[in-house]
2 protein chains.
Amino acid sequence: MSLVKTDIVHSAPGIPKPRGGPLDLGDLSNSIEYLVSRIHRLIFTGFSTHLAAFGLRPLTFAALTVIERNPGRKQSEVADALGVQRTNFVATVDEMLQKLWIDRAPIDRRSYALHLSEGGAAVLKAAAAERVKVENEWDLSLSPAKKSELTALLRQIIEASSSDPTIPRR
Amino acid sequence: MSLVKTDIVHSAPGIPKPRGGPLDLGDLSNSIEYLVSRIHRLIFTGFSTHLAAFGLRPLTFAALTVIERNPGRKQSEVADALGVQRTNFVATVDEMLQKLWIDRAPIDRRSYALHLSEGGAAVLKAAAAERVKVENEWDLSLSPAKKSELTALLRQIIEASSSDPTIPRR
DNA sequence: TATTGTTATACTCTATAACTATA
DNA sequence: TATAGTTATAGAGTATAACAATA
């Protein structure tokens with residue numbers, strides 16, 4: 001296998017560094033924006049592949065999780081909790097309905113209450129088990145302690161963004 | 001302004017929780033995949049907006065940073081360092097050439113060495129200053145110490161992914 | 001035979017605007 | 001007037017396949 005991966009190097013900000021070896025990401029190594037976006041791609045190619053075995057996408061997996069945990073909520077509430085717009089959540093709801101993973105019960109004549117079906121609970125359970133397996137692969141590089149450190153920091157950012165009106169929400 | 005944001009809650013995994021208040025993200029609160037993807041969207045809407053004032057996109061900003069730091073490298077090396085595919089880097093290179101932010105010098109008759117132009121250095125400098133300003137908004141919720149904690153953890157994941165052949169690279 | 005840059009193409013995700021109907 | 005769901009559409013970003021020129 002000749003992947004010929006050009007190594008990268010993380011270093012502190014400073015002066016240019018022309019060389020012949022691995023490339024240097026420079027200030028990007030300290031940029032939350034860059035690191036998050038890069039890891040996002042990294043994770044999602046792998047994570048999506050695992051979920052695809054269950055007919056799931058990252059968003060359907062997340063949606064089923066939230067619906068199970070918060071039965072009877074409105075479509076727009078679930079979308080909002082997930083941080084996606086109502087308008088972009090419609091197709092996902094349609095998909096989950098079509099696959100019989102959720103039910104919709106009318107609240108009034110313009111809104112629905114979402115519930116997980118037995119089938120939905122089943123895929124979710126199977127996929128969640130798989131998710132743990134996938135995350136365990138990452139645990140090879142991140143100890144449980146560091147993982148909870150990381151998730152705590154990430155949650156803090158999300159929580160701050162929900163209350164700070166100067167930070168764009170989506 | 002009536003944004004009518006439905007609050008969310010982060011809690012430990014466990015039993016369902018039907019209520020009438022804020023929604024619960026359940027196990028998603030401990031999922032690196034979910035948290036990273038959500039923050040990715042959050043950051044990028046804001047970050048992209050700030051960069052757009054300079055005619056930059058996140059990828060062009062990152063590319064200029066790497067080219068400045070590693071002058072004379074091949075297009076494919078820069079793409080690889082950034083974790084994007086050669087094929088998807090072409091348009092970005094074209095854009096940077098057209099805006100006179102970089103120069104291309106032939107290495108042999110099939111590859112080019114990339115260098116930052118004066119104009120490229122100028123936008124990069126201006127945008128980097130703006131970047132610091134944007135990150136300072138985040139520092140409202142994340143102390144400098146926590147920020148470097150976070151970037152260190154994120155770097156660790158990226159580094160592990162570059163050496164672990166079982167983890168998809170892009 | 002492998003590398004470098006390229007084109008074409010399709011698919012996903014997201015953002016915006018506008019519409020219907022209901023409250 | 002505001003809310004809930006929907007449709008249509010456009011723009012990024014990314015993935016795959018295939019190709020030409022060169023090493």
Side-chain angles (χ1 to χ4, degrees), chain A residues 1-6 33-34 36-49 51-52 56-63 73-80 82-97 102 104-114 168-170, chain B residues 1-6 34 36-49 51-52 56-63 73-80 82-97 104-114 168-170:
Chain A
M1 178 197 300
S2 83
L3 260 179
V4 186
K5 194 72 184 104
T6 305
E33 289 92 337
Y34 175 76
V36 164
S37 87
R38 176 142 184 183
I39 290 176
H40 173 249
R41 280 179 301 170
L42 196 64
I43 285 179
F44 260 58
T45 46
F47 190 45
S48 299
T49 303
L51 287 181
L56 287 160
R57 293 174 297 112
L59 182 56
T60 51
F61 176 78
R73 292 313 195 99
K74 281 183 292 188
Q75 191 169 317
S76 53
E77 286 180 314
V78 174
D80 199 43
L82 291 169
V84 300
Q85 296 181 107
R86 296 190 306 284
T87 184
N88 292 322
F89 195 53
V90 173
T92 299
V93 170
D94 286 345
E95 184 192 342
M96 294 188 294
L97 283 171
I102 61 170
R104 286 211 294 196
I107 294 177
D108 52 36
R109 262 183 289 185
R110 66 176 171 179
S111 59
Y112 303 101
L114 303 185
R169 276 184 181 70
R170 50 184 67 132
Chain B
M1 177 197 302
S2 83
L3 259 179
V4 187
K5 199 62 190 113
T6 305
Y34 174 77
V36 163
S37 87
R38 175 142 185 184
I39 290 176
H40 173 248
R41 279 179 301 170
L42 196 65
I43 284 179
F44 260 58
T45 46
F47 189 44
S48 300
T49 303
L51 287 181
L56 286 161
R57 293 175 298 113
L59 182 55
T60 51
F61 176 78
R73 291 312 195 100
K74 281 183 292 187
Q75 192 168 318
S76 52
E77 286 179 313
V78 175
D80 200 43
L82 291 170
V84 302
Q85 297 182 107
R86 295 192 305 285
T87 185
N88 292 322
F89 195 53
V90 173
T92 299
V93 169
D94 286 344
E95 183 191 343
M96 294 187 294
L97 282 171
R104 288 210 293 195
I107 294 178
D108 52 37
R109 261 183 291 185
R110 67 174 172 179
S111 58
Y112 302 100
L114 303 184
R169 278 187 180 68
R170 53 183 67 130

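Since the model is a prediction, treat every value here as computed from it, not as a measurement. Chain letters run A, B, ... following the sequence lines, proteins first, then strands; residues in each count from 1. In what follows, every heavy atom counts, from backbone to side chain, and hydrogens, waters and symmetry copies are set aside.
Evaluation of the side chain to side chain donor-acceptor pair (under 3.5 Å) rule for B/Arg104 yields B/Gln75 as partners, not counting sequence neighbours. Legend: residues meeting side-chain contact (heavy atoms from CB on, under 4.5 Å) with B/Thr92, ordered by chain and number and at least two apart, are B/Arg57, B/Leu59, B/Thr60, B/Phe89, B/Met96. Residues satisfying the side chain to side chain donor-acceptor pair (under 3.5 Å) criterion with A/Ser48, sequence neighbours excluded, are absent altogether. Every residue meeting the side-chain contact (heavy atoms from CB on, under 4.5 Å) condition with A/Ser37, not counting sequence neighbours, appears here in chain and number order: B/His40, B/Phe44.
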Grab the N/O contacts between the protein and nucleotides 9-12 of chain D below 3.5 Å, and write none if there aren't any.
none

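Between the CD1 atom of A/Ile43 and the P atom of C/dT12 there is a distance of 21 Å, given to the nearest Å. The CG atom of B/Leu42 sits 12 Å away from the P atom of C/dT14 (whole-angstrom rounding).
Of the side-chain N and O atoms in B/Gln85, none sit less than 4.0 angstrom from OP1 or OP2 of D/dT14. OP1 and OP2 of D/dT6 both lie 4.0 Å or more from every side-chain N or O belonging to A/Thr87.
Proximity of residues 105-114 of chain B to DNA chain C (heavy atom under 4.0 angstrom from any strand atom) is restricted to B/Arg110, B/Ser111, B/Tyr112.
In this structure, A/Ser48 reaches neither bases nor backbone, as no heavy-atom distance under 4.0 Å exists between it and the strands shown.
The side chain of A/Lys74 approaches D/dA4 more closely than any other nucleotide in the set D/dA4, C/dG5, D/dT7.
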